[in-house]
Amino acid sequence: MFANPLSLVIWTPIVAGLLVLATGGDQRAPLARWLALAGAVLGFLVSLPLFTQFDNLHGGMQFVENMPWIESLGINYHLGVDGISMLFIVLNSFTTLMVILAGWEVIQKRTAQYMAAFLIMSGLINGAFAALDAILFYVFFEGMLIPMYLIIGVWGGPRRVYASIKFFLYTLLGSLLMLVAFIYLYFQAGKTFDIQAFQALKQIPLQVQILLFIAFFLSFAVKVPMWPVHTWLPDAHVEAPTGGSMVLAAITLKIGAYGFLRFALPIVPDASIELAPIMIGLSLVAVVYIGLVALVQTDMKKLVAYSSISHMGFVTLGMFLFTGSQMNAWAVEGALVQMVSHGFVSAAMFFCIGVMYDRVHSRNIADYGGVANKMPIFAAFMMLFGMANSGLPATSGFVGEFMVIMGAVQVNFLVAALAATTLIFGAAYTLWMYKRVIFGDVGNHHVEEMKDVNKREFLILVILAVTVLGMGLYPQLFVEKMHLSVNELIAHVAQSKL
Amino acid sequence: MDMKSLYLLIALSPLVGSVIAGLFGWAIGRRAAHVVTILGVAVSAVLSIGVLKGFLDGSTQVFNAPVYTWLTVGGFEFSVGFLVDSLTAMMLVVVTSVSLMVHIYTIGYMHEDPGYQRFFSYISLFTFSMLMLVMSNNFIQLFFGWEAVGLVSYLLIGFWFKRPTAIFANLKAFLVNRVGDFGFLLGIGLVLAYFGGSLNYSDVFAAAPALASKTIQIIPGVEWSLLTVTCILLFIGAMGKSAQFPLHVWLPDSMEGPTPISALIHAATMVTAGIFMVSRMSPLFEMSDTALNVVMVAGSITALFMGFLGVVQNDIKRVVAYSTLSQLGYMTVALGASAYSVAMFHVMTHAFFKALLFLGAGSVIMGMHHDQDMRNMGGLRKYMPITWITSLLGSLALIGTPFFSGFYSKDSIILAVEHSNLAASGFAYFAVIAGVFVTAFYSFRMYFLVFHGKERWMENHGSHHAHEGDHDDEEPSDDHHHGLGPNDKPHESPWVVTLPLALLAIPSVLIGFFAIHPLVGGEFFNGVIFTNLEAHPGLEAAMHHAHDAMAMGLHAFVTLPFWLAAAGVALAWFFYMKAPHIPAAIKQKFSGVHTLLENKYYMDELYFAVFAKGSRALGTFFWKVGDMLLIDGLLVNGSARLVGSVSRAVRKLQTGFIYSYAAVMIIGVLVLMTYWFKPLILR
């Protein structure tokens, strides 16, 4: 359709964001909203061809763009997607649209800036997924922190300053080491920052690989987030506005996991295999330990934040299940499906909490009770998303967990058994919260005054419900896009660089 | 119409009804909601009967084909697909016919409830889930149906979501089932990993014989038989759904839901899923005696010890619930004895008479204006004749009165266990034999207390809220009144309630006589259910007797089970009609035992203390100590304080803009890092 679809998905939302910003103060908020919506719709529309026109039958990078950027340093504006990154660009554009809708009349202060921040962030995130040049990736990767930092810091809750600084420092600290790794690889690969050239390096000694892996790990594990560098996430979620939480959970976390797939595994495969037991261990800690922590949360957002960490444990688990030097196709694809699914489900969960927060202005489970009496439609939707969060079949939440567990059984039964405890814990923390918030008699006069969802909220819930169910009933649509890329990755990782 | 469309129609028509009633119930109103759901289930039922007929006269072939590809991964393809053979056909008829009766009954039972449409939507969805489960041709879809049944039971048990007990019970049911699913999913994982890389039943069964002696190491260094581990894991799933000890605890609490769903959950759907699944997997279970022993022990414990609990219950629904647990134990024992066909036979007869008993209990509850305490009943036969007669027939079937349906299936189980050669069969035989007496006793205790004797609602009026025990047994939601008023008399239920009772009474009495020959003695399940008669001869005895239903019925009068049942009935009559002071005295004398039984062996308390409280304590520990104290307190905030004190010193240099902080930081750290790593980079 267009010559440069990837540039389009990056710059459309950024330009739209700048336009929205130009509308200025809150007196022109309606204009800013509609403009932002137009930008988000357009951003989503231009991302769709990536999905529909993606060639399932040929591997490698597609929609490639490559031109020099800073020639003296060998930095290029090099874009391209495979069956892995493409999905996340579409997911991100979709989420941005949801977020703009979710913030519609909720955000009354600095509306234009709020909307603009999300649009610009959306473009930057797309850039990070599309970048094939390490420096370009780094710029986008770091750049997207800034709007998120502002979103939490400006529109956040009472402890927003603590949360935003914690978020910023945590994520920044890790990524600096990654930059060092890039510089090392730059020299090794013959003065280029081309990611594919990094991956194609034939020989890297194990010690160096391990150092590089640690650099990548510190950068990406914080983002995922993996235990024990996860504590920024609950704080960030609690303080972030609804839209911020939606993007944070749906997209930002995925970049960390994506980083492992794009950088750590293919560039330093031997170190990845060497350190896989640690990665598996940390992932299982995420699933079990964090699952239990989620159980005792009294704040709904914290609960879902911890549940996100627990679900992301499946992602990292799936990526590091090796038999010899062979990654497990089930587990890797399961990890990817889990990432996409979690994008939908976590966004939906945070949106649901936002809907209740807008009415009662509390995130405390104890401040609710019997919401179903007053908001039956909402309760039905939240039941669906809660079930998806518990990994019920026919919702998207099941598919990824199922695939990872199936893969894990092939590799190590005990790992699989520990991972499968999520069947119990996931249901326990989600449904226990649901019971206390939604079921029961009307809890207090705040609940008594709650009104069921309006048309805008209904629309968002319906769209999210359709995606969650659609992906659960027909995951093939997503999975067939990733087969070749995953196979290439597995073949690549299987070749030792020692 | 080709077969695939026919089967699709059978499965999907309840779903269509459910979706219409669920999403548009507010628009189409109550009448349309029940019409459309009943129509959907009726279509399924009629077509299912046609399919079964086809299998009985041999005109229908086994159907096994995919419907659509759900997922391909690692070169394997997973489809949603149907396998319809004689086993499926039987289950189709059982599920849809009982469900249809429940649907009709619900019109009467729920007519005052504000959630009328929602209820119809749920029970149709439940039917759909169960149909997908029994029609599946592979493990994934089986798991889909399995979990969907769990979901809808969660919704149904918590249907009156204002009641604290209901929403406690549904969460408990879901989580206990999830524990079963945990094992089930791991079992499926082993099947996928070792049985030829497919999850289609036919491929897996074909691959199984070659794996007879394969072992795997789950704990390094310990070799376990693959088939045994797989079967036990699959059976853990069955223990959840079919409420076998020790995962039975959810079932009595599921009484918190409206009575029609008790009939649905306890008779035709959900609890039969586990029995069905093990029968479906008979080629696998036949290869592991260890697994069969485990199955048999779990079944025996359930059959006997859950029966005891029925004796002390005063809530009419709970008596029936414990009888369900006990009967499920019988079915499981039959599975352990490799008498899968007998277990399925009992599934069928039990589906009819248990649905009848539950719906009868519901009718009594309606007649008593939503009082469930049997101590307030008595003499109801005068006021509710249809309910009385049908309940009597159901009870006679349950206790195994010769020529009634339950007799044939239960006696076949006892025969199979008696001739089983498994290590556990001695205990199992004792359990099922003793269980006969217990069943007869509590069934007729209930029958006499409800339908005969003094009309106690008159004398006890005003006091029927003074319950013993800890649970709130009141049935209705807030808008219902509780119990009979001063001038009220119990009344017979409307025809939408009594018609299903009458229709269910027919198979409850007759179906055993006619079905035993094909199902147990004949060839109906040939090629579908597999029993290795040389290794597990138990079934042979049952098959032998099954050839002549009349002779079997007559022979019963000289066998032990009949006399035990008769003794149970006689004792119940003596205790509750003649000498009611005796049970009271026994209760007093053996108050320890009574308390133990009344508290269900304290298993709920144990589970709550260990699992619910334990995981919360662990979660709190991880959160407060791990996350907050160690990670945040020591590492994060500690380093932040360090940074903070340094930055206070250099505050004068700062501009105050976050971007310049960031930029300076990036540059600074970069310079440092480059310096440190120089040797590495420039090598």
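Side chains included, hydrogens not; waters and symmetry mates left out as well; all remaining heavy atoms used. Protein chains get the first letters and strands the later ones, always in sequence-line order, with residue 1 at the start of each.
- Only the side chain of A/Y306 comes within contact range of chain B, with at least one heavy atom under 4.5 Å from a heavy atom of that chain.
- Using the six-membered ring where Trp is involved, A/Y138 and A/F182 have ring planes that are perpendicular, over 60° apart on the 30 and 60° scheme.
- Of the residues considered (A/A329, A/A380, A/P376, A/A420), A/A420 shows the highest number of contacts with chain B, using heavy-atom pairs under 4.5 Å.
- Heavy-atom distances place the side chain of A/D235, and not its backbone, under 4.5 Å from chain B.
- Contact annotation for B/I216: neither backbone nor side-chain heavy atoms come within less than 4.5 Å of a heavy atom of chain A.
- Counting only distance, with no hydrogens or angles, the side chain of B/S136 and the backbone of B/L142 share a donor-acceptor pair below 3.5 Å.
- A/P234 places a side-chain heavy atom less than 4.5 Å from the side chain of A/I309.
- With a 4.5 angstrom heavy-atom cutoff, A/M403 touches chain B only via side-chain atoms.
- When each of B/L190, B/D181, B/L618, B/N170 is scored by its heavy-atom pairs under 4.5 Å with chain A, the top score falls to B/L190.
- Of the atoms belonging to A/W227, it is side-chain heavy atoms, and not backbone ones, that fall under 4.5 Å from chain B.
- Between chain A and the residues B/W70, B/Y68, B/F182, the most heavy-atom pairs under 4.5 angstrom are made by B/W70.
- Top candidate by heavy-atom pairs under 4.5 Å with chain A, chosen from B/F621, B/F144, B/F168, is B/F144.
- Classified by interplanar angle (parallel below 30°, tilted 30° to 60°, perpendicular above 60°), the ring pair A/F439/A/Y434 is perpendicular.
- In this structure, chain B has a heavy atom under 4.5 Å from the side chain of A/I405, while its backbone stays farther away.
- Residues A/S396 and A/M471 approach most closely at CB-CB, 3.6 Å, considering heavy atoms.
- Neither the backbone nor the side chain of A/L185 comes within less than 4.5 Å of any heavy atom of chain B.
- For A/E333, the part lying near chain B is the side chain, with the backbone staying farther off; criterion is any non-hydrogen pair under 4.5 Å.
- The closest side-chain heavy-atom distance from B/F159 to B/R118 is below 4.5 Å.
- In plain terms, the two heavy atoms of B/T165 and B/E256 that are nearest each other are OG1-OE1, 3.1 Å.
- For the set A/F425, A/Y429, A/F413, the count of heavy-atom pairs under 4.5 angstrom toward chain B peaks at A/F413.
- Here the closest non-hydrogen pair linking A/P225 and A/W232 is CB-NE1, 3.8 Å.
- Residue A/Y474 places its OH atom among more than 12 non-hydrogen atoms of other residues, nucleotides or ligands, all under 6.0 Å distant.
- Contacts of B/N177 with chain A are absent, with no heavy-atom separation under 4.5 Å from either backbone or side chain.
- For A/F478, no part sits under 4.5 Å from any heavy atom of chain B, backbone or side chain.
- A donor-acceptor pair under 3.5 Å links the side-chain atoms of A/N373 to the main chain of A/G370, judged by distance alone.
- Between B/Y607 and B/F611, the angle of the ring planes goes over 60°, which puts this pair in the perpendicular group of the 30/60° scheme.
- Across A/E480, A/Q410, A/M406, A/M482, the residue that shares the most heavy-atom pairs under 4.5 angstrom with chain B is A/M406.
- Only the side chain of B/F174 comes within contact range of chain A, with at least one heavy atom under 4.5 Å from a heavy atom of that chain.
- The parts of B/L71 that come within reach of chain A are both its backbone and its side chain, each placing non-hydrogen atoms under 4.5 angstrom from that chain.
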